[in-house]
Amino acid sequence: MKEKLSILLLLVFLFTACGGPYVKIPEDTKLGTEFQTEEEELYTEKTVKLVLSRLDKDYPKGTKMRRDAHPKHHGCVLGSFRVNKDVPEEFKHGIFQNEKSYSTWIRISNGSIKPKEDSKGDIRGFALKLTGVEGEKILSDEKNTQDFLLINHPVLPVGSPKEYYQLFEAAFRGSPASYIFGWNPFSWKLNALSIVRKIRSKKISNMLDIRYWSTTPYRLGKYAVKYSVKPCHTPSKAIANTTKPNYLREVMVAHLQEKEACFDFMVQKQVHPTEMPVEDPAVVWDEEKSPFVKLAQIHIKQQKFDSKEQMDFCENLSFSPWHSKPEHKPLGGINRVRKVVYEKVSQFRHERNAVERKEPTGKETFAKENK
C-alpha cells in the first residue's frame, strides 16, 4: 500500500512539477502573435467585479481607498530616462527612435494586497512614468506620459486571464493556497507554488540595488519584447535594520541622501513563438537564447522624497501598461485584462477619495527640491 501511494505521489509530482503551460500555444504560432480564448471576456468582467467589490468592502466611504495591488509604496523618486544614441536599428521605435532624455517619476512599492511589514516576503514593484512624451497614445486620459511596470521577478505565477482571476479570488478570500491545491492532485499548480516561494524568499535590503522585469511582453517594431532594469551603481554596503516595519523606505531615504542611483533599461526580443510565448507570462524567456539589450539609462539624483506632499502625490498617481504609445502596445491576455481592470480601479479609487486624476509633468513644485 505504501509503495502504491509513493508511486502515485511521484506521478503527481512528475505530472505537475513543471506546471502549465497555462495557455496552450498552437504549434504554427508566429512570432509576436496574440490570440484570445472565448472565456477571456468573461474572466475580465469577473475580475473587475471582484476587485471593485473587494475595494468597496475594505475601504468604506469616509476612509482613504488604496490600490488593489501594490498599495504600499516606499516613495516616488524623480529621475531621468535617457535613450542611448546607439540603439540598434531594429529597436528604433516609439520613445527609442532618437537619443533623448525624459523626466521620470518612479514609484517603488510592495505588491501585497494588504500592506505588511517589509521583512515579510512580497513582490516588489518598480513603476516608471516618463513625462513630456509627445505623440499618439493608446489611452486618451494620459496624453504626455509613457508607463513601464516591472517587478523583482522575471515571471508571474499565473499565465492566463482565468488563472489571474482565480488567484485574485483566492487571495481576497484569505486563502491563496486554495488557488494552488485543489481536491484533484493532478490539477495542483506546483509551478505557481514554486514561483511564489521564489518571490517570497528573496531577501531585500535596498530596493535601489535589485533587478526588475516586466514579466509580460510588449510590441517594439516587428518584435515582441520584455523589459528589465538592473542597477548600474555600486550596491550599498550598509546593513539594513530589517526589524523595522518600513525599513525599505528608510534605506531608500538614506541612500539618496548620500549618493545617486542608476539603472540600465533593457529589452529582450522574442526569438521563438512557443518557447517564449506572448500569451503566457508564467514562462521564462531564456536569456541565453535571447540576451537583454540596453536601450536607455535611468538616473536618480540625490534627493529627499518622503515629505508628506510628495508621498500624497505618489499615492494619487495611476500607472498602467496601457498608458503608452502604440509602438509599445502591451501584448497578451494578462495585459488585456489589466487594461480594463486598472482603468476601472483608478476611476473608482480617485472618485472615492475625491481626488482629481492628473498627469504629472516632472516639474511639480516639490520636485525642485530633488534637482
Side-chain angles (χ1 to χ4, degrees), residues 70-82 84 101-112 115-131 147-154 198-215 227-267 292 294-307 310-311 313-315 317 319 360 362 364 366-367 369-371:
H70 291 269
K72 181 178 180 178
H73 70 265
H74 308 297
C76 286
V77 297
L78 183 65
S80 64
F81 185 102
R82 176 168 289 280
N84 295 348
S101 184
Y102 298 91
S103 183
T104 304
W105 283 108
I106 307 165
R107 184 179 188 269
I108 300 175
S109 62
N110 289 353
S112 179
K116 54 189 179 183
E117 295 186 4
D118 292 341
S119 59
K120 305 295 184 182
D122 204 348
I123 292 174
R124 317 293 174 169
F126 191 93
L128 296 160
K129 187 178 286 291
L130 282 59
T131 65
D147 292 2
F148 296 107
L149 278 62
L150 307 98
I151 64 170
N152 66 321
H153 199 69
K198 286 177 181 177
I199 291 172
R200 290 185 174 179
S201 65
K202 293 184 179 185
K203 304 299 181 184
I204 310 298
S205 59
N206 186 343
M207 297 285 277
L208 298 173
D209 286 345
I210 63 175
R211 185 177 175 183
Y212 302 87
W213 292 261
S214 67
T215 70
Y227 307 126
S228 181
V229 300
K230 68 176 182 181
C232 49
H233 58 263
T234 303
S236 173
K237 294 183 179 179
I239 299 175
N241 183 354
T242 58
T243 62
K244 293 186 175 182
N246 301 310
Y247 79 87
L248 288 173
R249 179 185 301 166
E250 295 176 14
V251 169
M252 280 177 53
V253 169
H255 181 122
L256 292 176
Q257 282 178 343
E258 298 177 3
K259 60 180 181 178
E260 302 177 344
C262 71
F263 291 84
D264 290 335
F265 185 95
M266 308 173 294
V267 300
F292 276 90
K294 178 182 172 183
L295 300 188
Q297 187 172 87
I298 301 162
H299 185 210
I300 304 170
K301 294 182 178 180
Q302 288 180 246
Q303 59 189 270
K304 174 179 171 58
F305 64 86
D306 60 338
S307 68
Q310 189 161 330
M311 295 298 278
F313 162 81
C314 189
E315 178 66 28
L317 284 180
F319 291 86
E364 283 67 25
F366 50 75
E369 301 176 11
N370 301 335
K371 297 290 185 179

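No side-chain N or O of N110 forms a donor-acceptor pair with one of K120 less than 3.5 Å apart.
Once rounded to the nearest 0.5 Å, the distance linking CG of N206 with NE2 of H255 reads 6.0 Å. Rounded to the nearest 0.5 angstrom, Y227 OH and L149 CG are separated by 11.0 Å. Atoms OH and OG1, on Y247 and T242 in that order, are 6.0 Å from each other to the nearest 0.5 Å. Atom CD of Q302 is separated from atom CD of E258 by 8.5 Å, given to the nearest 0.5 angstrom. Distance check, rounded to the nearest 0.5 Å: CD of E315 to CD of Q310 gives 13.5 Å.
Qualifying ring-ring contact (aromatic ring centres under 6.0 Å, His included) partners for F81, counting only residues two or more places apart in sequence or in other chains: F265. For F313, the ring-ring contact (aromatic ring centres under 6.0 Å, His included) partners two or more places apart in sequence, or in a different chain, are W105, F366. Under the side chain to side chain donor-acceptor pair (under 3.5 Å) criterion, E260 pairs with H299, sequence neighbours left out. Judged as a side chain to side chain donor-acceptor pair (under 3.5 Å), and not counting sequence neighbours, the contacts of S228 are R211. Under the side chain to side chain contact (heavy atoms under 4.5 Å, CB included) criterion, S112 pairs with K116, D122, not counting sequence neighbours. Checked against side chain to side chain donor-acceptor pair (under 3.5 Å), R200 has no partners two or more places apart in sequence or in another chain. Residues passing the ring-ring contact (aromatic ring centres under 6.0 Å, His included) test with Y212, sequence neighbours excluded: F126. Applying the side chain to side chain contact (heavy atoms under 4.5 Å, CB included) rule to I199 yields the partners I123, H153, I195; only residues at least two apart in sequence or on another chain are considered. Judged as a side chain to side chain donor-acceptor pair (under 3.5 Å), and not counting sequence neighbours, the contacts of D264 are K294, Q297.
Pairs passing the salt bridge (Lys or Arg N to Asp or Glu O under 4.0 Å) check and including a residue from residues 238-257, sequence neighbours excluded, read K244-E250.
Checking each of I151, L150, L248, I108 against R124 for a side-chain contact (heavy atoms from CB on, under 4.5 Å) leaves exactly one that passes, namely L248.
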Open item on the list: Y102 vs T131, test: side chain to side chain contact (heavy atoms under 4.5 Å, CB included). Steps then yes/no.
Closed with: CA-CA 6 Å; Y102 298 91; T131 65; 5.7 Å; no
- [ ] List the steps and the verdict of side chain to side chain contact (heavy atoms under 4.5 Å, CB included) for L208 and L256.
- [x] CA-CA 9 Å; L208 298 173; L256 292 176; 4.0 Å; yes
Task: Evaluation steps, side-chain hydrogen bond (donor to acceptor under 3.5 Å, both in side chains), between D209 and H233 - done: CA-CA 8 Å; D209 286 345; H233 58 263; 2.8 Å; yes
Open item on the list: D306 vs M252, test: side chain to side chain contact (heavy atoms under 4.5 Å, CB included). Steps then yes/no.
Closed with: CA-CA 10 Å; D306 60 338; M252 280 177 53; over 6 Å; no
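Residues T104 and I298 form no side-chain contact, since every pair of their non-hydrogen atoms from C-beta on lies 4.5 Å or further apart. Here the side chains of L78 and Q303 are in contact, with some heavy-atom distance below 4.5 Å. Using a 4.5 Å heavy-atom threshold, the side chains of N246 and K72 count as touching. Counting heavy atoms from C-beta outward, S205 and V251 have side chains that stay 4.5 Å or more apart.
Annotation for C314 and R107: closest pair SG-CG, 3.7 Å, computed over non-hydrogen atoms. Closest heavy-atom contact between P71 and G111: CD-O, 4.2 Å. Closest heavy-atom contact between F305 and C76: CB-O, 3.7 Å. Annotation for M207 and S109: closest pair CE-O, 3.4 Å, computed over non-hydrogen atoms. Nearest heavy atom pair, residue K129 against residue P360, reads CD-CG, 3.3 Å.
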